[in-house]
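All values below were derived from every heavy atom in this structure, side-chain atoms included, with hydrogens, water molecules and symmetry-related copies excluded. In this text the structure is predicted, and so the values were computed from the model without any measurement.
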Amino acid sequence: MTRLSVEMLAADAPEPITSAGHAQLGIAVLAGIAVIVLLITKFKLHAFLSLTIGSLALGAFAGAPLDKAITSFTTGLGSTVAGVGVLIALGAILGKMLADSGGADQIVDTILAKASGRTMPWAMVLIASVIGLPLFFEVGVVLLIPVVLMVAKRGNYSLMRIGIPALAGLSVMHGLVPPHPGPLVAIDAVKANLGVTLALGVLVAIPTVVIAGPLFARYAARWVDVPAPERMIPQRASEELERRPGFGATLATILLPVVLMLSKALVDIVIDDPTHDVQRTFDVIGSPLIALLAAVLVGIFTLLRPAGFAKDRVSQLVEKGLAPIAGILLIVGAGGGFKQTLIDSGVGQMILDISKDWSIPALLLAWLIAVAIRLATGSATVATISAAGLVAPLAADMSTTHTALLVLAIGAGSLFFSHVNDAGFWLVKEYFGLTVGQTLKTWSVMETIISVVAGGVVLLLSLII
(Lines give C-alpha, C1' and ligand atoms only; values in the text may rest on other atoms or scores of the structure.)
Protein backbone atom coordinates (compact mmCIF):
# COMPACT_ATOMS: atom_id res chain seq x y z
CA MET A 1 0.00 0.00 0.00
CA THR A 2 1.44 3.40 -0.92
CA ARG A 3 1.89 5.62 2.14
CA LEU A 4 2.08 9.37 2.38
CA SER A 5 5.52 10.89 2.39
CA VAL A 6 6.86 14.34 1.71
CA GLU A 7 9.02 12.92 -1.10
CA MET A 8 5.84 12.26 -3.12
CA LEU A 9 5.66 15.92 -4.12
CA ALA A 10 6.37 16.46 -7.78
CA ALA A 11 9.63 18.27 -8.42
CA ASP A 12 7.94 20.80 -10.70
CA ALA A 13 5.03 21.61 -8.36
CA PRO A 14 3.68 25.12 -9.02
CA GLU A 15 4.80 27.94 -6.78
CA PRO A 16 1.95 28.96 -4.44
CA ILE A 17 0.22 32.24 -5.26
CA THR A 18 0.12 33.02 -1.53
CA SER A 19 2.51 32.59 1.37
CA ALA A 20 -0.29 32.10 3.92
CA GLY A 21 0.23 29.69 6.79
CA HIS A 22 -1.58 26.41 7.23
CA ALA A 23 -4.20 27.88 9.55
CA GLN A 24 -5.08 30.68 7.14
CA LEU A 25 -5.15 28.29 4.19
CA GLY A 26 -7.40 25.88 6.09
CA ILE A 27 -9.80 28.71 6.91
CA ALA A 28 -9.66 29.88 3.29
CA VAL A 29 -10.59 26.42 2.00
CA LEU A 30 -13.50 26.12 4.42
CA ALA A 31 -14.66 29.64 3.58
CA GLY A 32 -14.42 29.04 -0.18
CA ILE A 33 -16.43 25.83 0.08
CA ALA A 34 -18.93 27.53 2.41
CA VAL A 35 -19.45 30.30 -0.15
CA ILE A 36 -20.14 27.72 -2.89
CA VAL A 37 -22.56 25.77 -0.67
CA LEU A 38 -24.48 28.88 0.42
CA LEU A 39 -24.75 30.25 -3.10
CA ILE A 40 -26.01 26.92 -4.48
CA THR A 41 -28.37 25.96 -1.64
CA LYS A 42 -29.50 29.22 -0.05
CA PHE A 43 -29.48 31.60 -2.99
CA LYS A 44 -30.12 28.97 -5.72
CA LEU A 45 -27.31 30.38 -7.86
CA HIS A 46 -26.12 28.33 -10.82
CA ALA A 47 -23.21 26.03 -9.96
CA PHE A 48 -20.97 27.71 -12.57
CA LEU A 49 -21.38 31.14 -10.99
CA SER A 50 -21.12 29.67 -7.50
CA LEU A 51 -17.85 27.90 -8.30
CA THR A 52 -16.45 31.03 -9.94
CA ILE A 53 -17.27 33.24 -6.96
CA GLY A 54 -16.14 30.55 -4.50
CA SER A 55 -12.78 30.26 -6.28
CA LEU A 56 -12.19 34.00 -6.07
CA ALA A 57 -13.30 33.98 -2.44
CA LEU A 58 -10.84 31.17 -1.70
CA GLY A 59 -8.00 33.20 -3.20
CA ALA A 60 -9.03 36.32 -1.30
CA PHE A 61 -9.29 34.50 2.05
CA ALA A 62 -5.89 32.91 1.40
CA GLY A 63 -4.40 36.38 0.92
CA ALA A 64 -3.60 35.97 -2.77
CA PRO A 65 -3.58 38.99 -5.11
CA LEU A 66 -6.85 39.09 -7.03
CA ASP A 67 -5.14 39.08 -10.43
CA LYS A 68 -3.26 35.88 -9.57
CA ALA A 69 -6.42 34.23 -8.25
CA ILE A 70 -8.20 35.09 -11.50
CA THR A 71 -5.30 33.69 -13.53
CA SER A 72 -5.35 30.44 -11.54
CA PHE A 73 -9.09 30.05 -12.04
CA THR A 74 -9.09 30.78 -15.77
CA THR A 75 -6.06 28.53 -16.33
CA GLY A 76 -7.76 25.65 -14.55
CA LEU A 77 -11.03 26.25 -16.39
CA GLY A 78 -9.32 26.33 -19.78
CA SER A 79 -7.21 23.22 -19.25
CA THR A 80 -10.16 21.23 -17.92
CA VAL A 81 -12.47 22.13 -20.81
CA ALA A 82 -9.66 21.48 -23.28
CA GLY A 83 -9.09 18.05 -21.78
CA VAL A 84 -12.65 16.76 -21.53
CA GLY A 85 -14.86 19.23 -23.41
CA VAL A 86 -14.84 17.37 -26.73
CA LEU A 87 -15.39 14.05 -24.95
CA ILE A 88 -18.41 15.42 -23.11
CA ALA A 89 -19.80 16.73 -26.40
CA LEU A 90 -19.35 13.39 -28.16
CA GLY A 91 -20.89 11.54 -25.21
CA ALA A 92 -23.89 13.85 -25.32
CA ILE A 93 -24.38 13.25 -29.05
CA LEU A 94 -24.16 9.48 -28.60
CA GLY A 95 -26.66 9.63 -25.76
CA LYS A 96 -29.07 11.68 -27.86
CA MET A 97 -28.77 9.24 -30.75
CA LEU A 98 -29.41 6.33 -28.40
CA ALA A 99 -32.53 7.95 -26.97
CA ASP A 100 -34.14 9.45 -30.09
CA SER A 101 -33.56 6.46 -32.36
CA GLY A 102 -35.38 4.14 -29.97
CA GLY A 103 -32.20 2.12 -29.47
CA ALA A 104 -32.40 2.50 -25.70
CA ASP A 105 -36.00 1.29 -25.74
CA GLN A 106 -34.94 -1.68 -27.87
CA ILE A 107 -32.34 -2.76 -25.30
CA VAL A 108 -34.76 -2.23 -22.43
CA ASP A 109 -37.62 -4.15 -24.03
CA THR A 110 -35.40 -7.06 -25.10
CA ILE A 111 -33.97 -7.56 -21.62
CA LEU A 112 -37.28 -7.09 -19.82
CA ALA A 113 -38.95 -9.64 -22.11
CA LYS A 114 -36.63 -12.25 -20.63
CA ALA A 115 -36.95 -11.13 -17.00
CA SER A 116 -39.73 -11.47 -14.46
CA GLY A 117 -40.34 -11.78 -10.75
CA ARG A 118 -37.13 -12.04 -8.72
CA THR A 119 -34.89 -11.47 -11.72
CA MET A 120 -36.44 -8.08 -12.55
CA PRO A 121 -34.21 -6.02 -10.19
CA TRP A 122 -31.16 -7.72 -11.71
CA ALA A 123 -32.45 -6.92 -15.18
CA MET A 124 -32.79 -3.26 -14.16
CA VAL A 125 -29.17 -3.20 -12.98
CA LEU A 126 -28.05 -4.65 -16.30
CA ILE A 127 -30.11 -2.16 -18.29
CA ALA A 128 -28.91 0.83 -16.29
CA SER A 129 -25.27 -0.26 -16.39
CA VAL A 130 -25.27 -0.79 -20.16
CA ILE A 131 -27.17 2.40 -20.93
CA GLY A 132 -25.18 4.31 -18.31
CA LEU A 133 -21.87 3.70 -20.11
CA PRO A 134 -22.20 6.57 -22.61
CA LEU A 135 -24.74 8.75 -20.77
CA PHE A 136 -24.51 11.39 -18.06
CA PHE A 137 -26.26 10.39 -14.86
CA GLU A 138 -29.02 12.96 -15.26
CA VAL A 139 -29.65 11.91 -18.87
CA GLY A 140 -29.70 8.27 -17.83
CA VAL A 141 -32.24 8.96 -15.09
CA VAL A 142 -34.55 10.80 -17.46
CA LEU A 143 -34.16 8.01 -20.02
CA LEU A 144 -34.83 5.16 -17.59
CA ILE A 145 -37.61 6.77 -15.53
CA PRO A 146 -40.40 5.71 -17.95
CA VAL A 147 -39.06 2.14 -17.90
CA VAL A 148 -38.81 2.00 -14.11
CA LEU A 149 -42.30 3.40 -13.61
CA MET A 150 -43.91 1.19 -16.26
CA VAL A 151 -42.22 -1.98 -14.96
CA ALA A 152 -43.22 -1.16 -11.38
CA LYS A 153 -46.82 -0.52 -12.41
CA ARG A 154 -47.12 -3.43 -14.84
CA GLY A 155 -45.60 -5.99 -12.47
CA ASN A 156 -47.14 -4.49 -9.30
CA TYR A 157 -43.66 -4.07 -7.82
CA SER A 158 -42.60 -1.66 -5.11
CA LEU A 159 -41.10 1.35 -6.86
CA MET A 160 -37.94 1.07 -4.77
CA ARG A 161 -37.51 -2.61 -5.68
CA ILE A 162 -37.17 -1.61 -9.33
CA GLY A 163 -35.90 1.97 -9.03
CA ILE A 164 -32.94 1.48 -6.66
CA PRO A 165 -31.15 -1.08 -8.90
CA ALA A 166 -31.55 1.22 -11.91
CA LEU A 167 -30.24 4.23 -9.98
CA ALA A 168 -27.35 2.19 -8.60
CA GLY A 169 -26.29 1.08 -12.08
CA LEU A 170 -26.30 4.65 -13.38
CA SER A 171 -24.56 6.13 -10.35
CA VAL A 172 -21.76 3.55 -10.26
CA MET A 173 -21.02 4.09 -13.95
CA HIS A 174 -21.07 7.86 -13.45
CA GLY A 175 -18.61 7.81 -10.57
CA LEU A 176 -16.19 5.05 -11.50
CA VAL A 177 -16.11 4.33 -15.22
CA PRO A 178 -14.74 6.60 -17.96
CA PRO A 179 -15.68 8.20 -20.33
CA HIS A 180 -17.82 9.99 -17.75
CA PRO A 181 -16.50 13.54 -17.05
CA GLY A 182 -15.49 13.02 -13.40
CA PRO A 183 -13.26 9.97 -13.94
CA LEU A 184 -11.80 11.51 -17.11
CA VAL A 185 -10.79 14.69 -15.30
CA ALA A 186 -9.32 12.69 -12.41
CA ILE A 187 -7.36 10.51 -14.86
CA ASP A 188 -5.93 13.63 -16.47
CA ALA A 189 -5.10 15.26 -13.12
CA VAL A 190 -3.14 12.33 -11.68
CA LYS A 191 -1.77 11.17 -15.07
CA ALA A 192 -3.38 7.73 -14.82
CA ASN A 193 -3.65 5.23 -17.65
CA LEU A 194 -7.17 5.42 -19.04
CA GLY A 195 -7.38 1.80 -20.19
CA VAL A 196 -6.16 0.40 -16.88
CA THR A 197 -8.52 2.71 -14.98
CA LEU A 198 -11.42 1.61 -17.18
CA ALA A 199 -10.66 -2.08 -16.63
CA LEU A 200 -10.26 -1.70 -12.86
CA GLY A 201 -13.30 0.57 -12.74
CA VAL A 202 -15.48 -2.14 -14.26
CA LEU A 203 -13.98 -4.66 -11.81
CA VAL A 204 -14.83 -2.43 -8.84
CA ALA A 205 -18.25 -1.58 -10.24
CA ILE A 206 -19.54 -5.17 -10.39
CA PRO A 207 -19.65 -6.02 -6.65
CA THR A 208 -20.54 -2.43 -5.82
CA VAL A 209 -23.63 -2.33 -8.02
CA VAL A 210 -24.77 -5.77 -6.84
CA ILE A 211 -24.69 -4.75 -3.17
CA ALA A 212 -26.06 -1.22 -3.60
CA GLY A 213 -28.62 -2.29 -6.23
CA PRO A 214 -30.67 -5.49 -5.98
CA LEU A 215 -29.52 -6.43 -2.46
CA PHE A 216 -30.13 -3.03 -0.87
CA ALA A 217 -33.38 -2.63 -2.84
CA ARG A 218 -34.97 -5.34 -0.67
CA TYR A 219 -34.53 -3.21 2.43
CA ALA A 220 -35.32 0.08 0.70
CA ALA A 221 -38.65 -1.38 -0.47
CA ARG A 222 -39.53 -2.19 3.15
CA TRP A 223 -38.53 1.21 4.46
CA VAL A 224 -40.31 3.14 1.71
CA ASP A 225 -43.16 1.23 0.06
CA VAL A 226 -44.59 3.58 -2.53
CA PRO A 227 -46.34 2.95 -5.88
CA ALA A 228 -45.24 4.47 -9.17
CA PRO A 229 -46.70 8.01 -9.49
CA GLU A 230 -49.10 8.08 -12.42
CA ARG A 231 -48.34 11.70 -13.30
CA MET A 232 -44.68 10.93 -14.00
CA ILE A 233 -45.15 8.26 -16.70
CA PRO A 234 -44.22 10.10 -19.95
CA GLN A 235 -44.44 8.96 -23.51
CA ARG A 236 -41.47 6.92 -24.68
CA ALA A 237 -39.46 8.14 -27.65
CA SER A 238 -39.90 5.00 -29.71
CA GLU A 239 -43.70 5.24 -29.60
CA GLU A 240 -43.41 7.97 -32.24
CA LEU A 241 -41.19 5.88 -34.52
CA GLU A 242 -42.31 3.45 -37.22
CA ARG A 243 -39.19 1.32 -36.72
CA ARG A 244 -36.12 1.25 -34.51
CA PRO A 245 -32.60 -0.28 -34.58
CA GLY A 246 -31.96 -3.88 -33.61
CA PHE A 247 -30.79 -5.01 -30.20
CA GLY A 248 -27.41 -6.34 -31.38
CA ALA A 249 -26.53 -3.27 -33.42
CA THR A 250 -27.48 -0.92 -30.59
CA LEU A 251 -25.52 -2.85 -27.98
CA ALA A 252 -22.47 -3.03 -30.25
CA THR A 253 -22.57 0.73 -30.81
CA ILE A 254 -22.76 1.48 -27.08
CA LEU A 255 -19.92 -0.87 -26.23
CA LEU A 256 -17.67 0.17 -29.13
CA PRO A 257 -15.78 2.96 -27.27
CA VAL A 258 -15.30 0.73 -24.24
CA VAL A 259 -13.93 -2.11 -26.40
CA LEU A 260 -11.53 0.24 -28.20
CA MET A 261 -10.21 1.75 -24.96
CA LEU A 262 -9.81 -1.66 -23.33
CA SER A 263 -8.02 -2.94 -26.46
CA LYS A 264 -5.52 -0.11 -26.16
CA ALA A 265 -4.87 -1.01 -22.52
CA LEU A 266 -4.37 -4.68 -23.43
CA VAL A 267 -1.94 -3.87 -26.25
CA ASP A 268 0.00 -1.51 -23.94
CA ILE A 269 0.42 -4.35 -21.45
CA VAL A 270 1.33 -7.05 -23.99
CA ILE A 271 3.70 -5.07 -26.22
CA ASP A 272 4.92 -2.26 -23.91
CA ASP A 273 6.93 -0.58 -26.66
CA PRO A 274 5.80 2.97 -27.54
CA THR A 275 7.69 2.78 -30.87
CA HIS A 276 5.95 -0.42 -32.02
CA ASP A 277 3.56 0.18 -34.93
CA VAL A 278 0.76 -1.92 -33.41
CA GLN A 279 0.93 -0.10 -30.09
CA ARG A 280 1.04 3.29 -31.83
CA THR A 281 -2.03 2.32 -33.86
CA PHE A 282 -3.99 1.28 -30.80
CA ASP A 283 -2.82 4.40 -28.94
CA VAL A 284 -4.72 6.35 -31.58
CA ILE A 285 -7.87 4.26 -32.01
CA GLY A 286 -8.07 3.58 -28.27
CA SER A 287 -7.87 7.23 -27.24
CA PRO A 288 -11.16 8.53 -25.75
CA LEU A 289 -11.57 11.09 -28.54
CA ILE A 290 -11.27 8.60 -31.39
CA ALA A 291 -13.21 5.87 -29.54
CA LEU A 292 -16.21 8.13 -28.90
CA LEU A 293 -16.00 9.74 -32.35
CA ALA A 294 -16.03 6.27 -33.91
CA ALA A 295 -19.12 5.31 -31.87
CA VAL A 296 -20.93 8.48 -33.00
CA LEU A 297 -20.09 7.88 -36.67
CA VAL A 298 -21.03 4.20 -36.45
CA GLY A 299 -24.24 5.20 -34.64
CA ILE A 300 -25.39 7.18 -37.67
CA PHE A 301 -25.58 3.92 -39.62
CA THR A 302 -26.55 1.50 -36.83
CA LEU A 303 -29.00 3.70 -34.88
CA LEU A 304 -30.29 6.62 -36.92
CA ARG A 305 -30.57 5.15 -40.42
CA PRO A 306 -32.52 2.04 -39.24
CA ALA A 307 -34.87 4.38 -37.36
CA GLY A 308 -35.57 6.23 -40.61
CA PHE A 309 -33.66 9.46 -39.87
CA ALA A 310 -32.92 11.51 -42.99
CA LYS A 311 -29.65 13.47 -43.36
CA ASP A 312 -31.16 16.78 -42.25
CA ARG A 313 -32.69 15.15 -39.19
CA VAL A 314 -29.30 13.70 -38.24
CA SER A 315 -27.85 17.21 -38.28
CA GLN A 316 -30.71 18.52 -36.14
CA LEU A 317 -30.24 15.67 -33.65
CA VAL A 318 -26.55 16.50 -33.22
CA GLU A 319 -27.40 20.16 -32.68
CA LYS A 320 -30.04 19.29 -30.07
CA GLY A 321 -27.66 16.88 -28.38
CA LEU A 322 -25.03 19.58 -27.96
CA ALA A 323 -27.35 22.31 -26.67
CA PRO A 324 -28.02 20.91 -23.17
CA ILE A 325 -24.34 20.34 -22.34
CA ALA A 326 -23.37 24.00 -22.28
CA GLY A 327 -24.18 24.19 -18.58
CA ILE A 328 -22.37 20.91 -17.89
CA LEU A 329 -19.24 22.10 -19.68
CA LEU A 330 -19.23 25.36 -17.72
CA ILE A 331 -19.73 23.57 -14.40
CA VAL A 332 -16.98 21.06 -15.15
CA GLY A 333 -14.70 23.88 -16.31
CA ALA A 334 -15.43 25.99 -13.23
CA GLY A 335 -14.76 22.94 -11.09
CA GLY A 336 -11.37 22.72 -12.78
CA GLY A 337 -10.82 26.40 -12.05
CA PHE A 338 -11.65 25.85 -8.37
CA LYS A 339 -9.27 22.87 -8.33
CA GLN A 340 -6.44 24.96 -9.84
CA THR A 341 -7.05 27.75 -7.33
CA LEU A 342 -6.78 25.19 -4.54
CA ILE A 343 -3.51 23.90 -5.95
CA ASP A 344 -1.96 27.30 -6.66
CA SER A 345 -2.92 28.54 -3.19
CA GLY A 346 -0.73 25.82 -1.75
CA VAL A 347 -3.54 23.71 -0.33
CA GLY A 348 -2.14 20.49 -1.80
CA GLN A 349 1.22 21.19 -0.17
CA MET A 350 -0.55 22.01 3.11
CA ILE A 351 -2.40 18.69 3.12
CA LEU A 352 0.83 16.80 2.48
CA ASP A 353 2.68 18.74 5.19
CA ILE A 354 -0.05 18.12 7.75
CA SER A 355 -0.55 14.47 6.87
CA LYS A 356 3.03 13.38 6.15
CA ASP A 357 3.35 11.80 9.60
CA TRP A 358 -0.03 10.04 9.42
CA SER A 359 -0.03 6.33 8.73
CA ILE A 360 -3.05 6.67 6.45
CA PRO A 361 -2.97 4.95 3.06
CA ALA A 362 -2.90 7.45 0.21
CA LEU A 363 -5.99 5.84 -1.32
CA LEU A 364 -7.95 6.27 1.91
CA LEU A 365 -6.88 9.92 2.18
CA ALA A 366 -8.05 10.53 -1.41
CA TRP A 367 -11.40 8.91 -0.59
CA LEU A 368 -11.82 11.02 2.57
CA ILE A 369 -11.01 14.28 0.77
CA ALA A 370 -13.52 13.49 -1.97
CA VAL A 371 -16.14 12.62 0.69
CA ALA A 372 -15.60 15.97 2.44
CA ILE A 373 -15.95 17.98 -0.77
CA ARG A 374 -18.98 15.93 -1.88
CA LEU A 375 -20.77 16.57 1.42
CA ALA A 376 -19.93 20.27 1.23
CA THR A 377 -20.73 21.00 -2.41
CA GLY A 378 -23.25 18.28 -3.32
CA SER A 379 -21.60 17.68 -6.69
CA ALA A 380 -19.86 14.40 -7.47
CA THR A 381 -18.11 16.01 -10.43
CA VAL A 382 -16.86 18.98 -8.38
CA ALA A 383 -15.73 16.59 -5.63
CA THR A 384 -13.84 14.45 -8.14
CA ILE A 385 -12.18 17.39 -9.88
CA SER A 386 -11.18 19.17 -6.66
CA ALA A 387 -9.98 16.04 -4.84
CA ALA A 388 -7.96 14.95 -7.87
CA GLY A 389 -6.17 18.27 -7.88
CA LEU A 390 -5.40 18.06 -4.19
CA VAL A 391 -4.04 14.50 -4.19
CA ALA A 392 -2.30 14.61 -7.58
CA PRO A 393 1.15 14.88 -5.92
CA LEU A 394 0.52 11.52 -4.24
CA ALA A 395 0.58 9.80 -7.62
CA ALA A 396 4.19 10.80 -8.36
CA ASP A 397 5.73 7.56 -7.07
CA MET A 398 2.78 5.23 -7.68
CA SER A 399 2.67 2.33 -10.10
CA THR A 400 0.29 2.38 -13.06
CA THR A 401 -2.28 0.21 -11.29
CA HIS A 402 -2.14 2.18 -8.04
CA THR A 403 -2.51 5.46 -9.91
CA ALA A 404 -5.65 4.02 -11.52
CA LEU A 405 -6.88 2.91 -8.07
CA LEU A 406 -6.26 6.46 -6.81
CA VAL A 407 -8.70 7.71 -9.48
CA LEU A 408 -11.26 5.11 -8.39
CA ALA A 409 -10.82 5.99 -4.70
CA ILE A 410 -11.59 9.60 -5.57
CA GLY A 411 -14.59 8.55 -7.67
CA ALA A 412 -15.92 6.37 -4.85
CA GLY A 413 -15.62 9.17 -2.31
CA SER A 414 -17.36 11.62 -4.64
CA LEU A 415 -20.59 9.56 -4.44
CA PHE A 416 -20.90 9.60 -0.63
CA PHE A 417 -24.31 10.53 0.88
CA SER A 418 -26.12 12.68 -1.64
CA HIS A 419 -28.36 15.13 0.21
CA VAL A 420 -30.21 18.42 -0.26
CA ASN A 421 -27.34 20.29 -1.93
CA ASP A 422 -27.16 17.73 -4.76
CA ALA A 423 -29.21 18.21 -7.91
CA GLY A 424 -29.49 14.43 -8.26
CA PHE A 425 -31.24 14.25 -4.88
CA TRP A 426 -34.06 16.50 -6.08
CA LEU A 427 -34.21 14.79 -9.47
CA VAL A 428 -34.85 11.41 -7.84
CA LYS A 429 -37.25 12.89 -5.29
CA GLU A 430 -39.45 14.58 -7.87
CA TYR A 431 -39.48 11.79 -10.46
CA PHE A 432 -40.31 9.11 -7.89
CA GLY A 433 -42.77 11.27 -5.97
CA LEU A 434 -40.95 10.88 -2.63
CA THR A 435 -40.70 13.10 0.44
CA VAL A 436 -37.33 14.46 1.56
CA GLY A 437 -37.23 11.86 4.34
CA GLN A 438 -38.05 9.00 1.98
CA THR A 439 -35.37 10.17 -0.45
CA LEU A 440 -32.78 10.25 2.33
CA LYS A 441 -33.69 6.71 3.44
CA THR A 442 -33.41 5.30 -0.08
CA TRP A 443 -31.37 7.34 -2.55
CA SER A 444 -28.97 8.89 -0.01
CA VAL A 445 -28.31 5.57 1.74
CA MET A 446 -27.79 3.87 -1.62
CA GLU A 447 -25.18 6.46 -2.62
CA THR A 448 -23.39 5.96 0.70
CA ILE A 449 -23.33 2.19 0.21
CA ILE A 450 -21.85 2.67 -3.28
CA SER A 451 -19.16 4.96 -1.90
CA VAL A 452 -18.19 2.72 1.02
CA VAL A 453 -18.27 -0.57 -0.91
CA ALA A 454 -16.35 0.82 -3.88
CA GLY A 455 -13.79 2.43 -1.58
CA GLY A 456 -13.38 -0.87 0.28
CA VAL A 457 -12.92 -2.85 -2.95
CA VAL A 458 -10.32 -0.32 -4.14
CA LEU A 459 -8.34 -0.70 -0.89
CA LEU A 460 -8.58 -4.48 -1.16
CA LEU A 461 -7.32 -4.45 -4.76
CA SER A 462 -4.39 -2.24 -3.72
CA LEU A 463 -3.22 -5.03 -1.43
CA ILE A 464 -3.43 -7.63 -4.20
CA ILE A 465 -2.14 -5.91 -7.33
Side-chain angles (χ1 to χ4, degrees), residues 108 111-112 115-132 137 140-141 144-176 204-229 232 367 371 374-375 378 380 411-460:
V108 167
I111 295 176
L112 290 184
S116 61
R118 294 182 179 180
T119 62
M120 192 63 75
W122 298 92
M124 296 308 301
V125 162
L126 180 60
I127 292 168
S129 299
V130 171
I131 290 182
F137 174 79
V141 169
L144 280 181
I145 286 300
V147 179
V148 170
L149 298 182
M150 285 189 291
V151 169
K153 181 180 179 182
R154 185 178 64 190
N156 197 28
Y157 297 107
S158 165
L159 182 57
M160 292 300 103
R161 193 80 172 91
I162 303 301
I164 287 295
L167 293 173
L170 290 173
S171 186
V172 168
M173 292 294 148
H174 172 73
L176 299 178
V204 172
I206 292 172
T208 302
V209 78
V210 168
I211 295 172
L215 297 184
F216 171 64
R218 298 178 183 177
Y219 299 96
R222 297 174 189 169
W223 298 342
V224 178
D225 187 10
V226 293
M232 295 305 297
W367 183 84
V371 166
R374 160 69 158 181
L375 290 173
S414 73
L415 298 175
F416 191 87
F417 195 73
S418 164
H419 60 99
V420 294
N421 62 353
D422 178 18
F425 178 92
W426 299 103
L427 191 68
V428 172
K429 174 189 176 298
E430 293 303 317
Y431 267 118
F432 284 179
L434 305 175
T435 66
V436 169
Q438 289 172 331
T439 311
L440 286 170
K441 288 192 290 185
T442 53
W443 160 255
S444 300
V445 173
M446 182 206 76
E447 287 284 88
T448 304
I449 292 172
I450 290 174
S451 179
V452 172
V453 172
V457 174
V458 167
L459 290 174
L460 181 62

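- Among all heavy-atom pairs drawn from P227 and L159, the shortest one is O-CD2, 3.9 Å.
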Item to complete: For the pair L215 and V210, evaluate side-chain contact (heavy atoms from CB on, under 4.5 Å) and give the outcome as yes or no after the intermediate values.
Response: CA-CA 6 Å; L215 297 184; V210 168; 4.1 Å; yes

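- Closest of all the heavy-atom pairs between A380 and H174 is CB-NE2, 4.2 Å.
- The nearest pair of heavy atoms linking H419 to L375 is NE2-O, 3.0 Å.
- A distance of 8.0 Å separates CZ in R218 from CZ in R118, rounded to the nearest 0.5 Å.
- Residues V148 and F432 meet the side-chain proximity criterion, which asks for heavy atoms closer than 4.5 Å.
- F425 places a side-chain heavy atom less than 4.5 Å from the side chain of S444.
- Of the candidates S414, S418, S171, E447 forms a side-chain hydrogen bond (donor to acceptor under 3.5 Å, both in side chains) with just one, namely S171.
- Rounding to the nearest 0.5 Å gives a distance of 9.0 Å between CD of Q438 and NZ of K429.
- With W367 contributing its side chain and S451 its backbone, the two residues share a donor-acceptor pair below 3.5 Å.
- Of all heavy-atom pairs spanning A412 and L176, the tightest one is N-CD2, 3.8 Å.
- Using a 4.5 Å heavy-atom cutoff, the side chains of V172 and S129 are not in contact.
- What you find for G169 and A128 is that their closest heavy atoms are CA-CB, 4.0 Å.
- Counting only heavy atoms from C-beta outward, the side chains of W223 and T442 never approach each other to under 4.5 Å.
- Here the OG1 atom belonging to T439 is positioned 11.5 Å from the CE atom belonging to M446, to the nearest 0.5 angstrom.
- In this structure, L170 CG and I127 CD1 are separated by 10.5 Å, a value rounded to the nearest 0.5 Å.
- The closest donor-acceptor contact from the side chain of R374 to the backbone of F416 lies under 3.5 Å.
- Taking both residues in full, the closest heavy atoms of M120 and I162 are given as CG-CD1, 3.6 Å, listed atom of the first, atom of the second, then distance.
- Of the candidates V209, I211, T208, T208 is the only one forming a side-chain contact (heavy atoms from CB on, under 4.5 Å) with I450.
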